[in-house]
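Every chain is numbered from 1, with letters handed out A, B, ... down the list of sequences. Just so it is clear, the structure is predicted and the values come from calculations on it, not from any experiment.
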Amino acid sequence: MIELRGVEKTYIRGAEQVHALKGITLSIARGEFVSVMGPSGSGKTTMLHILGCLDNITSGEITIDGMSASSLQEPQLVEIRRKKIGFVFQQFYLIPGLSVFDNVSLPLLFAHEKKNHAYIQSLIELVGLNHAAKRKPHQLSGGEMQRVAIARALVNNPKLILADEPTGNLDSENSDMIYALFADLHKRGLTIIMVTHNSELAARAERVVRLKDGLIVRD
Amino acid sequence: MPFLTFAFRNLLRHKVRSFLTLVGITASVAVLFSILSFNKGFEKGIVKELDQTGIHFMVVPSGCAHEVASLVLHGAIIPKYLSVDVVSRIRQLDDIELVSPILVAQLPNPAKDRVDLVYGMDLKHARQMKPSWIIDGSLPARDDEVIVGAEIAAHDRLKPGDMISYPNKSRSFRVTGILQKTGGQDDAFIYMPVKTAQLLFNKPDGATAIGVRVAKPDRINAVTEELSAQVPGIQIVTMGQVLSSLMSLAASAKVMSISLAIIAIFISTVGVMNAILMAIFERSQEIGMMRAVGASRLDIFRIILKETILLTAAGGCAGVLLANIGSHGIELLLRKSMPYAPSGNMIVFDPFLAAGCVGFSVLLGFLAGVFPAWKATKISPIEAIKG
Ligand SMILES: Nc1ncnc2c1ncn2[C@@H]1O[C@H](COP(=O)(O)OP(=O)(O)OP(=O)(O)O)[C@@H](O)[C@H]1O
Ligand SMILES: [Mg+2]
């Protein structure tokens, strides 16, 4: 479903160039559960952003669903982000003034789509928060906030979930719960790519990709 | 949840900041709306008052053009008098319908330790000369009867039937009517028949000014030309000239006050821009997240712009409302500080003007919002949400 071929990414920071990715070749099939590991600064986040069409690449080739994405312009990339990909972040990024329900519905605003109440409610139920749909983020625990963020990532019915250290801010009990949620989504047929520092969680995935210094060292 | 609701929720997140920004806009739009309403009401008031006046032009001693403006509408003391025969010479001209001499003078009142203002006029012409007057009681029928302005009546607790006496002149007058409050200088005068005033001040046939009505309005020019050719030492002021001199007086005040309002609006608009920029700066991670979950640059632009416009439009509505609530107080204040004010309400609610002011606030929101909104679209999602 997603293919990277010889992808390089170079950041320009003042006068110096930072080679964040130095030639990544990776192929991810529909329905895979991949965890990405590697030391800090190895390029995990950079790779995830490129997979999520949030960042352009310096050289190489990227193909999504058989379609080359390297030459796509911003409007098409926005379309892909809206329809095909769900993002989950370490810091959740929920909007403080909005209820759980409204936070989950937020991407629909940008997709200019209407989904019925029951559909949103079913997603909230899926992540186990039906008792808290009307609460504001500050009334939730970290684990609950991340579950809201996962429900939000699912609202546009994407095929691919990209998660950047989703359990990085959580204790082990909540981490287990979030992992179990991803495993459940995986069982329902979603493709999941999860960056994590937690080797125990990573080991549970069917495939582990290891990065070091912008290169894949183990797959 | 539509964009607008979302923008509204975002504003509610910083209640104090949004409120303070709103106060700035509200205050400046209120000032602008008051000033514009006032100018409109003021001009309308003058035109109406001059329209109602049944005279076409005033004859005054030469060199007093400015005082005439206030004399025509409300009494003013002019220290010069017209020579005795002017009235009869005007009457000899063709097409003259009405000649009404006016004598305005000061009358010492030692009993009350003040100087009274006396306005002598042909009270038969009161309806034509002073169309906005409402009198409690009746017009004087005899030479020793007067009507008094509301201020004097209130001060001396006069009512119809009372007497005012001037022992120094060995005269006393019976009050037949009280002039209802006009809000202008008329309130401070004692009105008596012009003949009585002429005798009282020892100026038989003397006049401070003479109001003239021509039988056919299209003859006004011909009559005034003839008159100034025949009679030396007079000046003729038509109602059109009075109007334009009052308007030019009002115009300079208008420029001043509108400039002030514009400066206030400029400052509050910068305040709005600042508040929105701050909010964007604080929310850059959130904006990055929105980009990641599918928001286009245009979506971000729209959200920020809607927030700004919502803020200024609310401020605009509140400002118009505030100006209306406070209009009575503002009117009193203005009357005190103006050399001339027409009777009736000067500040009149005009729905078109109100809509215009709200529309203007929307425009301000747009102007204040474009730059921050554009800034927000430049927020790089990957910078904002680095994991
Ligand atoms: N916008 C940027 N400008 C310059 N350099 C950058 C930028 N983003 C990332 N880098 C650099 O690219 C390299 C890879 O960064 P990246 O964030 O992908 O690492 P990571 O594997 O996600 O690390 P961590 O585990 O700490 O999150 C780092 O050396 C980082 O300093
Ligand atoms: Mg990272």
Side-chain angles (χ1 to χ4, degrees), chain A residues 9 11 44-46 48-50 52-56 74-75 77-99 101-114 120 136 149 152-153 155-156 158 162-166 168-169 195-197, chain B residues 1-19 21 275-276 278-308 310-311 314 373-374 376-387:
Chain A
K9 176 71 190 178
Y11 289 111
K44 306 181 294 294
T45 296
T46 304
L48 208 66
H49 286 169
I50 283 171
C53 296
L54 273 179
D55 207 353
N56 53 340
E74 179 67 16
L77 295 178
V78 169
E79 270 312 290
I80 292 175
R81 292 205 289 270
R82 271 180 198 162
K83 299 228 168 99
K84 303 199 169 176
I85 295 164
F87 262 104
V88 178
F89 312 98
Q90 183 177 351
Q91 286 95 336
F92 328 131
Y93 296 128
L94 301 183
I95 294 189
L98 300 185
S99 67
F101 188 93
D102 285 336
N103 264 290
V104 171
S105 332
L106 185 69
L108 296 174
L109 185 66
F110 310 125
H112 308 282
E113 246 180 73
K114 270 215 159 6
I120 309 285
K136 298 280 167 70
R152 178 180 67 193
V155 77
N156 275 327
L162 299 174
D164 197 355
E165 299 184 38
N169 277 354
V195 171
T196 180
H197 279 296
Chain B
M1 181 178 55
F3 271 95
L4 207 60
T5 318
F6 183 50
F8 182 64
R9 297 272 179 80
N10 283 333
L11 288 174
L12 283 186
R13 276 160 63 187
H14 298 285
K15 292 199 182 66
V16 175
R17 186 196 300 165
S18 298
F19 177 74
T21 317
I276 298 287
M278 258 166 79
I280 287 169
F281 183 69
E282 290 165 0
R283 273 158 50 196
S284 69
Q285 291 196 326
E286 200 176 296
I287 290 170
M289 173 277 289
M290 292 197 271
R291 293 290 304 282
V293 301
S296 63
R297 285 182 204 279
L298 185 67
D299 289 331
I300 303 293
F301 189 86
R302 282 173 57 188
I303 290 170
I304 304 301
L305 203 61
K306 286 211 167 128
E307 281 179 32
T308 329
L310 212 57
L311 200 58
W374 175 79
T377 66
K378 295 290 161 203
I379 289 173
S380 150
I382 53 162
E383 292 294 325
I385 54 175
K386 195 151 285 154

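- Ranked by heavy-atom pairs under 4.5 Å with chain B, the list A/Ile95, A/Val155, A/Asp55 is led by A/Ile95.
- In terms of non-hydrogen atom pairs under 4.5 Å with chain B, the most contact-rich of A/Pro96, A/Gly86, A/Ala153, A/Ser105 is A/Pro96.
- The choice from A/Gly168, A/Pro158, A/Gly97, A/Gly52 that makes the most heavy-atom pairs within less than 4.5 Å of chain B is A/Gly97.
- Counting heavy-atom neighbours within 6.0 Å of B/Lys378 NZ, excluding the residue itself, gives a total above 12.
- A/Phe101 is linked by a ring-ring contact (aromatic ring centres under 6.0 Å, His included) to A/His117, counting only residues two or more places apart in sequence or in another chain.
- Between A/Leu109 and B/Phe3, the closest heavy-atom pair is CD1-N, 3.5 Å.
- Taking non-hydrogen atoms and a 4.5 Å limit, the residue list of residues 286-294 of chain B in contact with chain A, ordered by number, reads B/Glu286, B/Met289, B/Met290, B/Arg291, B/Ala292, B/Val293, B/Gly294.
- One finds the CG atom of A/Leu54 at 8.5 Å from the OG atom of B/Ser380 (value rounded to the nearest 0.5 Å).
- Between atom CD1 of residue B/Ile382 and atom CG of residue A/Leu48 there is a gap of 12.0 Å, rounded to the nearest 0.5 Å.
- To the nearest 0.5 Å, atoms CD (B/Gln285) and CZ (A/Phe89) are separated by 10.0 Å.
- Sorted by first and then second residue, the salt bridge (charged side-chain N to carboxylate O under 4.0 Å, His left out) pairs with a member in residues 101-112 of chain A read A/Asp102-B/Arg9; sequence neighbours excluded.
- Within residues 10-18 of chain B, the residues having any heavy atom less than 4.5 Å from a heavy atom of chain A are, in residue-number order, B/Asn10, B/Arg13.
- Looking at A/Glu74, only its side chain comes within 4.5 Å of chain B, counting heavy atoms on both sides.
- No more than 12 heavy-atom neighbours from other residues, nucleotides or ligands sit within 6.0 angstrom of CZ on B/Phe19.
- With rounding to the nearest 0.5 Å, the separation of OG in B/Ser296 from NE2 in A/His112 is 6.0 Å.
- Interatomic distance, CZ of A/Phe110 versus CG of B/Leu298, reported as 11.5 Å (0.5 Å rounding).
- Residue B/Ile303 touches chain A through its side chain alone, counting heavy-atom pairs closer than 4.5 Å.
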